[in-house]
Amino acid sequence: MEFLNELNDAQREAVLHVNGPNMIIAGAGSGKTRVLTYKIAYMISQGIDPFNILSLTFTNKAAREMKERVSSKIGSGNARNLWMGTFHSVFAKILRIEHSKIGYPANFTIYDSDDSKSLIKTILKEFSLDPKIYKPNLVYSRISSAKNNLISAEAYEKNTTIVGDDARSNKPLIYKVYQSYQNRCFAAGAMDFDDLLYKMNILLRDDAQALVKYQSKFKYILVDEFQDTNFSQLTILKRLAAKFENICVVGDDAQSIYAFRGANIENILNFKKMYTDTAVYKLEQNYRSTQYIVNAANSIIKHNSEQLKKEVWTSNVEGEKIKVFRTNSDNEEAAAIANELFSLEMRNHSGYDSYAILYRTNAQSRALEEALRRSNIPYRIYGGLSFYHRKEIKDLLAYYRLALNQKDEEAFKRAVNYPARGIGKTTIDKILLTAASNNMSLWEVVTNSNLRNIGIANATMNKLLGFIELIHSFKAIAENLTSFEAGEKIAASSGLLKELYSDKSVEGLNRYENIQELISGLKDFTENQKEQGLDNKLADFMNDVALLTDQDNESDDDIVKVTLMTIHASKGLEFPYVFVAGLEENLFPSQLSINSRSDLEEERRLFYVAITRAMNRAYLSFALTRFKWGNLNHCEPSRFIEEIDARYLDYPEMELFKSKPSIPKKTIPLKKPTAAFDPPTRLKKVSDSQKVSIHTDSDNSKLFVGAEVEHLRFGKGKITKLEGVSPNKKATVVFNNIGEKQLLLKFAKLKLL
DNA sequence: TAATGTAGAGTTTTT
DNA sequence: CTCTACATTA
C-alpha cells in the first residue's frame with residue numbers, strides 16, 4: 001500500500017475510512033479525485049469485491065477519468081467490475097434490467113430535454129393553452145422540479161401549495177399538462193432525464209425484491225460532487241445505503257452551482273443529521289493555486305452565510321495579485337484580454353492551452369472570439385449547440401430510435417417530417433388528435449386504426465403506409481445487423497444522407513460531415529464492443545446515447561488552443577492562467593439573482609469556482625459599456641470585485657470606484673453613439689491614472705522599424721517589425737530588459753524616443 | 001405541402 | 001444583434 005504515502009494526512013484518513021457513513025469536504029484543488037480513486041483502490045486491496053462497489057458521478061467524463069485512474073491502480077480487470085458511472089446512466093442500466101417491474105419495455109427511449117419540451121408544446125396545443133402564458137420552458141421546469149422532489153402527477157394536483165403557486169402565476173392547469181405528459185411518455189415507452197431517477201425511486205420503494213437485490217449488491221457507495229445532488233438522487237442513495245450504510249459522499253458546498261436546476265445544497269449541509277455517526281474529513285490543502293489566488297477565493301466565499309466551516313490554504317508560491325482590467329466597452333475588454341494573453345504567451349511559452357477565458361453567459365463569447373481571431377490566437381469554444389442536439393443528428397437518431405421503439409412519439413414526429421415525403425402538418429395533427437383521445441401512441445394509430453376514418457386522404461395514406469413499411473424494414477435491420485452496419489444502412493435508406501449530400505452550401509456540407517462523424521462513431525462502438533465480447537447491436541449503441549454530451553466526444557485536434565467557456569462548464573478543470581470576463585452588476589451577478597439572497601450566494605459560489613480554476617494567475621475584467629441585443633448599456637463593476645480583500649488585488653482604481661455614486665442603470669439606444677465614449681467625468685479621471693493598459697487614442701503612425709521606443713511597463717526597446725494595419729497594427733519590439741515582445745499598438749502606447 | 005419571411009425572445013444546463 | 005419558431009404565401 002505504498003500509494004498511501006502519496007497522500008497527506010487528511011487525505012489518507014479519508015481513504016482509510018471504509019465502513020460506515022463518511023463525508024469528505026474537499027476544497028477546490030485539494031486532490032478530491034485522487035482521494036476517491038485511492039479509496040477505491042484501497043478498498044479493493046482490502047479484499048472488497050469490485051462488484052459490490054457503486055461509484056457515482058455527474059458527468060460521463062468524470063466517470064471515465066475515474067475509471068481510467070482506478071484501472072491504473074488496480075488493473076483493468078478489477079476496474080471493469082466496478083459499477084461506475086453517472087447517476088443517470090447507472091440507473092438507466094438498472095431500469096432496463098428491471099423494466100418489467102415498472103411496466104416499461106427494456107428498450108425504452110430516453111427523451112432529452114428537446115424531446116420533452118416538444119412534447120409539452122404538443123400537449124399545450126391540444127389543451128389550447130396559450131404558450132405565451134404557459135411558456136414551455138417554464139412548464140418543463142415545473143414538471144422537472146416536481147419529479148425531482150418525488151411529487152407524482154397525481155400528488156401535484158393535490159398539493160395545494162404547488163397548485164396555488166401555479167394559480168397565482170396564472171397557470172392553474174400545469175397539473176393537467178404534467179399528467180398528460182406522463183401518460184404520453186409512458187405510451188411512447190419513453191423516460192425523460194428526471195424519470196430515470198424518479199422511476200428508480202419507485203422501483204426501490206415498491207419492489208422489495210429489487211430493493212434487497214441492489215442493497216446487497218452495492219455494499220459500498222461513493223458519490224462525487226455530492227453538493228449537486230437533488231432530493232430524488234438523495235432518496236435513491238438513502239434507499240440503497242439503508243442496509244449497510246457504507247456511504248461516502250464527496251463534495252464542496254462552496255462549489256454548488258446547480259441549485260437553479262434542482263440541486264439541493266442542504267443535502268451536503270445536513271448529511272451529518274441524516275447519518276449521525278458520519279465521520280467528516282476536510283481536505284483543506286490546495287495543491288492547485290498560488291497563495292494569492294487561494295486567499296482571494298477565501299475572501300470571496302466568506303461573504304456567504306450558509307456554508308460548512310473550512311479553511312483552504314496552500315503551501316504553493318505566493319504568486320501574483322489578481323489583476324483587474326477596467327475597459328470602456330465589451331470589445332475593448334476582449335482586446336485587452338487577447339493582448340494580455342498574447343504577451344503572457346510570448347513571455348512564458350507555456351502553450352495556448354494554458355489559458356482559459358471564462359464568462360457568465362454564452363453571449364459574451366462573441367466579442368472574445370473576435371479579439372482572439374484578430375490577434376491570431378487559436379481558441380476553442382465549449383458549449384453552445386452540442387453535437388447530439390444538432391438537427392441533422394437528431395433527425396438521424398430519430399430513425400434509429402423509431403427502429404428500436406416504434407412507439408417513440410418524438411422520434412415519429414421528427415422522422416416522418418424529414419426528409420419531406422408528402423406527409424405534412426395536417427396529417428400529423430389528425431394522427432396526434434386520435435392518439436391523444438384514445439391514449440395511444442402515434443405508431444398504434446397509424447398501424448391499427450382505419451386511417452380513412454380519421455380523415456386522411458388516399459394519397460396521403462399510401463405515403464404513410466410507405467413510411468410504416470420503411471420503419472418495419474429498419475426494425476429488421478436494427479435487429480439483425482451490427483450497430484455500424486445498421487446505422488449506415490438506415491442513414492442511406494431513410495433518404496437523409498442523400499438529402500444532405502445534395503445540399504452544397506457550407507452549412508449543408510457541415511451537416512453531412514456531422515452525419516459521417518456519427519456513423520464513424522458507430523463504427524468505433526461496434527469494434528470496441530466486439531473486442532470486449534459485448535453486444536454490438538444498434539440498441540446497445542442507443543442505450544444511453546441520450547445521456548451523452550459533447551464533452552464525451554472530444555475530438556481533439558493537436559493544435560493547442562485557448563479555452564473559452566462558461567464558468568459552469570469550467571467546474572472541475574484547471575488552467576495556469578484564467579481570465580474571468582464581464583464582472584459587472586446585472587451580468588455577474590446575474591440580474592435575475594440579485595433580489596434573492598440564496599440566488600446571490602449561488603452566483604458568489606460561481607465566482608469562487610471561476611477564481612479557483614486558476615493555477616498561476618487570475619485576471620478579472622469588466623467593461624463600462626456593453627452591447628446587449630443591439631443596445632448599448634452602461635455597466636457598473638460587479639460587487640464581487642469589491643468583496644475580494646484588496647490585499648490580493650492589483651486594482652489601483654478601486655478606491656475611486658468605491659466612493660462614486662452608483663450610475664443609474666439605463667439603456668441607451670444605438671442611435672446615440674457618443675454616449676459610449678463619454679463616460680462620466682469622474683471615471684474619465686481614473687483612466688488617466690496610467691495603470692490601466694487600455695488606450696485607444698495614441699498616435700502610432702510615426703513609428704517605424706528600427707525606432708527606439710519606450711513602454712510604460714517594459715521599458716526601452718527597439719522596433720524590429722511592424723505588421724497589420726491600424727487599428728490592429730502590431731509591432732515586434734526587442735526590449736532591453738525583457739527581450740522580444742509583440743504588441744498591438746492601439747494598446748501598447750509606445751513612446752517614440 | 002414546402003419554402004420563405006417575420007416576429008419575438010434571448011442566465012447558467014453535468015443528465 | 002441573432003437565432004428560432006411560427007405563420008403566411010406560393
Side-chain angles (χ1 to χ4, degrees), chain A residues 56-64 85-92 110-114 116-118 121 125 131-132 135-137 140-141 144 147-148 191-197 224-225 227-230 232-233 255-263 330 358-364 366-367 382-386 388-389 391 417-429 457 459-460 463 544-552 565-573 582 586-594 599 602-603 605-607 609-610 626-632 670:
Chain A
L56 295 170
T57 60
F58 272 84
T59 65
N60 296 300
K61 196 177 163 205
R64 198 175 336 105
T86 65
F87 278 88
H88 290 83
S89 70
V90 167
F91 299 152
I110 298 172
Y111 275 178
D112 68 16
S113 31
D114 289 343
S116 299
K117 281 173 201 165
S118 156
K121 277 184 206 163
K125 205 178 284 173
K132 286 198 184 90
K135 290 198 180 105
N137 274 325
Y140 177 61
S141 83
S144 171
K147 279 193 211 172
N148 286 328
M191 291 196 205
D192 67 14
F193 289 143
D194 305 318
D195 282 333
L196 295 172
L197 308 174
D224 195 9
E225 307 279 18
Q227 76 280 354
D228 290 334
T229 51
N230 59 36
S232 180
Q233 288 160 325
Q255 293 184 66
S256 160
I257 54 174
Y258 284 103
F260 74 93
R261 254 174 83 149
D330 44 2
L358 308 180
Y359 35 79
R360 180 67 239 269
T361 66
N362 285 308
Q364 289 166 257
R366 186 172 298 269
Y382 291 76
L385 196 56
S386 101
Y388 293 99
H389 288 266
K391 186 183 177 297
N417 185 256
Y418 188 84
R421 52 170 58 81
I423 303 168
K425 196 171 165 293
T426 352
T427 312
I428 297 301
D429 280 346
T460 315
K463 288 174 188 158
D544 43 24
V545 79
L547 301 175
L548 295 179
T549 55
D550 248 12
Q551 289 171 9
D552 305 318
M565 53 169 58
T566 63
I567 301 164
H568 281 92
S570 76
K571 200 173 95 176
L573 305 176
N586 299 325
L587 179 61
F588 192 21
S590 148
Q591 186 164 14
L592 294 134
S593 74
I594 53 182
D599 287 355
E602 175 145 319
E603 294 281 309
R605 291 192 294 269
L606 195 55
F607 187 44
V609 167
R626 183 176 293 277
F627 272 97
K628 195 181 179 191
W629 304 330
N631 281 326
L632 191 67
L670 190 50

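Reminder, nothing fancy here: chain letters follow the sequence lines and each chain counts from 1.
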Colleague: Give one of base, sugar-phosphate or nothing for Thr427(A), where a contact means two heavy atoms less than 4.0 Å apart.
Modeller: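 Contact class for Thr427(A): sugar-phosphate only.
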
Colleague: Just how far, in rounded Å, is P of dT14(B) from CZ of Phe193(A)?
Modeller: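 These atoms are roughly 9 Å apart.
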
Colleague: Can you check each nucleotide of nucleotides 2-10 of chain C against protein heavy atoms at under 4.0 Å and return B for base, S for sugar-phosphate only, - for none, in 5' to 3' order?
Modeller: S---S----

Colleague: Just how far, in rounded Å, is P of dT13(B) from CE of Met565(A)?
Modeller: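 So the CE-P distance, Met565(A) to dT13(B), works out to 10 Å.
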
Colleague: Considering only the C1' atoms, how many Å lie between dA5(C) and dT12(B), rounded to the nearest integer?
Modeller: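 After rounding to an integer number of Å, I get 23 Å for this pair.
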
Colleague: Tell me, please, which residues at least two apart from Asp224(A) pass salt bridge (charged side-chain N to carboxylate O under 4.0 Å, His left out).
Modeller: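 With sequence neighbours excluded, Asp224(A) shows a salt bridge (charged side-chain N to carboxylate O under 4.0 Å, His left out) to Lys32(A), given in chain and number order.
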
Colleague: With sequence neighbours left out, what residues match Phe607(A) under ring-ring contact (aromatic ring centres under 6.0 Å, His included)?
Modeller: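 Scan of Phe607(A) (ring-ring contact (aromatic ring centres under 6.0 Å, His included), adjacent residues dropped) gives Phe588(A), Phe640(A).
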
Colleague: Among residues at least two apart in sequence or on other chains, which ones pass salt bridge (charged side-chain N to carboxylate O under 4.0 Å, His left out) with Lys463(A)?
Modeller: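 Residues passing salt bridge (charged side-chain N to carboxylate O under 4.0 Å, His left out) with Lys463(A): none at all.
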
Colleague: The criterion is ring-ring contact (aromatic ring centres under 6.0 Å, His included); which residues satisfy it with Tyr359(A), sequence neighbours excluded?
Modeller: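 Testing Tyr359(A) for ring-ring contact (aromatic ring centres under 6.0 Å, His included), a comparison that skips the adjacent residues, returns none.
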
Colleague: Report yes or no: does Arg360(A) contribute a side-chain atom to a donor-acceptor pair with the main-chain N or O of Leu587(A) at less than 3.5 Å?
Modeller: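 No, because the side chain of Arg360(A) does not come within donor-acceptor range (under 3.5 Å) of the backbone of Leu587(A).
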
Colleague: Once you round it to whole Å, what is the distance between P of dT14(B) and CG of Asp194(A)?
Modeller: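 To the nearest whole Å, that distance equals 14 Å.
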
Colleague: List every contact pair, protein side and nucleotides 9-12 of chain B side both N or O, where the distance is under 3.5 Å.
Modeller:
residue: dG10(B); atom: N3; partner: Trp629(A); partner atom: NE1; Å: 3.2
residue: dT12(B); atom: OP1; partner: Asn362(A); partner atom: N; Å: 3.2
residue: dT12(B); atom: O4'; partner: Arg360(A); partner atom: NH2; Å: 3.0
residue: dT12(B); atom: N1; partner: Arg360(A); partner atom: NH2; Å: 3.3
residue: dT12(B); atom: O2; partner: Arg360(A); partner atom: NH2; Å: 2.2

Colleague: Mapping Ile423(A) and Glu225(A) onto DNA chain B by nearest heavy atom, which one lands closer to the 5' end?
Modeller: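 Closer to the 5' end of DNA chain B: Ile423(A).
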
Colleague: What is the separation between atom NZ on Lys571(A) and atom C1' on dT14(B), rounded to the nearest whole Å?
Modeller: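 For the pair Lys571(A) NZ and dT14(B) C1', the rounded distance is 8 Å.
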
Colleague: Give the rounded distance in Å between these two atoms: CD1 of Ile567(A) and C1' of dT14(B).
Modeller: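 About 16 Å, once rounded to whole Å.
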
Colleague: Could you check dT11(B) for me: syn (within 90° of 0) or anti?
Modeller: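 Syn conformation here, the glycosidic angle of dT11(B) being no more than 90° from 0.
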
Colleague: Measure from CD on Gln364(A) to P on dC1(C) and round the result to the nearest Å.
Modeller: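 Spelled out: CD on Gln364(A) to P on dC1(C) is 19 Å.
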
Colleague: May I ask you to evaluate whether Ser113(A) reaches the phosphate of dT13(B), defined as a side-chain N or O under 4.0 Å from OP1 or OP2?
Modeller: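 Looking at the OP1 and OP2 atoms of dT13(B), neither is under 4.0 Å from any side-chain N or O of Ser113(A).
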
Colleague: Asp330(A) CG to dC1(C) P: how many Å, rounded?
Modeller: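 One finds 13 Å between P of dC1(C) and CG of Asp330(A), rounded.
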
Colleague: Kindly determine whether Gln364(A) and Asp330(A) satisfy side chain to side chain contact (heavy atoms under 4.5 Å, CB included), including the steps that lead there.
Modeller: CA-CA 8 Å; Gln364(A) 289 166 257; Asp330(A) 44 2; over 6 Å; no

Colleague: What's the gap between dC6(C) and dT11(B) when it is taken at their C1' atoms, as a whole Å value?
Modeller: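 That atom pair is separated by 25 Å.
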
Colleague: Test of understanding: with salt bridge (charged side-chain N to carboxylate O under 4.0 Å, His left out), list the residues that count as partners of Lys132(A), not counting sequence neighbours.
Modeller: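 Not a single residue meets the salt bridge (charged side-chain N to carboxylate O under 4.0 Å, His left out) criterion with Lys132(A).
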
Colleague: Round to the nearest Å and state the distance from Ile428(A) atom CD1 to dA2(B) atom P.
Modeller: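 Result: 11 Å.
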
Colleague: Apply side-chain contact (heavy atoms from CB on, under 4.5 Å) to Ala259(A) and list each qualifying residue two or more places apart in sequence or on a separate chain.
Modeller: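 For Ala259(A) the side-chain contact (heavy atoms from CB on, under 4.5 Å) partners, ignoring immediate neighbours, are Glu602(A).
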
Colleague: Holding to salt bridge (charged side-chain N to carboxylate O under 4.0 Å, His left out), I want the full list of residues that pass it with Arg626(A), two or more places apart in sequence or in another chain.
Modeller: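 If we apply the salt bridge (charged side-chain N to carboxylate O under 4.0 Å, His left out) test to Arg626(A), skipping adjacent residues, the hits are Glu333(A), Glu584(A).
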
